[in-house]
Novice: 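The structure's right below; bear with me while I get my questions together.
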Protein chains: 2
Amino acid sequence: MEEIVGILAGVFTTIAVLPQIIKAIKTKKVKDVSPLMFVILCIGVGLWTVYGVIKWDLPIILTNGISFILNAIMLSIVLTQNKDD
Amino acid sequence: MEEIVGILAGVFTTIAVLPQIIKAIKTKKVKDVSPLMFVILCIGVGLWTVYGVIKWDLPIILTNGISFILNAIMLSIVLTQNKDD
């Protein structure tokens, strides 16, 4: 039971940024999006990945590693787009 | 060592949404923000809170409980603001 809840929780928090990435690519507008949110998220999930490596906990490494990549993609979109404005 | 990394990681991922909330309140514009991102985040951290309750792990309950409240606030801002447009 707790494993299913944990896996579902991990999947949801990991994929949450995807609709924002898709919206940003489609509309090419990110003016209302806070770059700082994604900076802090990258640091946070990056630290979770380090935590997972120290404890050698594969689910923590995998979910947060993927999260880091997705949030870094979104951050780079925000920074590139704002530069163009 | 791993405790410090874990606490820092938890603090960063929990407060990440704050700059986005502040930006949304200041500019009153959220058109480029994906509501679906915050719906999925609320479900995800909500499930992490349930996971914490099942395992009775206070740090998991606290960080994700606060995350749930903050992301729910941001979601309500996005939904209210988009309605006004």
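Worth saying up front: this structure is predicted, and the values here are computed from it rather than measured. Each chain gets a letter, A, B and so on, in the order the sequences are listed, and its residues count up from 1.
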Novice: Is any residue of residues 34-42 of chain B within less than 4.5 Å of chain A by heavy atoms, and which ones?
Specialist: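 Residues of residues 34-42 of chain B touching chain A at under 4.5 Å: B:S34, B:P35, B:L36, B:M37, B:F38, B:I40, B:L41.
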
Novice: Anything in residues 49-64 of chain B with a heavy-atom distance to chain A below 4.5 Å? Please list those residues in order.
Specialist: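 Those residues of residues 49-64 of chain B which have a heavy atom under 4.5 Å from chain A are B:V50, B:Y51, B:I54, B:K55.
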
Novice: Should B:I77 and B:I22 be counted in the same cluster of Ile, Leu, Val, Met, Phe, Trp and Tyr side chains packed under 4.5 Å apart?
Specialist: no

Novice: I'd like to know if the side chain of B:D32 reaches the main chain of A:V33, judged simply by a donor and an acceptor atom lying under 3.5 Å from each other, with no hydrogens or angles considered.
Specialist: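 It does not hold such a pair.
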
Novice: Pick whichever of A:K29, A:E3, A:M1 has the most heavy-atom pairs under 4.5 Å with chain B.
Specialist: A:K29

Novice: Select all residues of residues 7-20 of chain B having any heavy atom within less than 4.5 Å of some heavy atom of chain A, and report them by number, or 'none'.
Specialist: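 Residues in range: B:L8, B:A9, B:G10, B:F12, B:T13, B:I15, B:A16, B:V17, B:P19, B:Q20.
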
Novice: Taking a hydrophobic cluster as the set of Ile, Leu, Val, Met, Phe, Trp and Tyr residues connected by side-chain heavy atoms closer than 4.5 Å, whether directly or through intermediates, do B:M74 and B:I69 fall within one such cluster?
Specialist: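 Same hydrophobic cluster.
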
Novice: Tell me, side chain or backbone of B:K23 under 4.5 Å from chain A's heavy atoms, or both, or neither?
Specialist: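 Looking at B:K23, just its side chain touches chain A.
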
Novice: What residues join B:F68 in its hydrophobic cluster, counting side-chain heavy atom gaps under 4.5 Å, either direct or through other members?
Specialist: B:V45

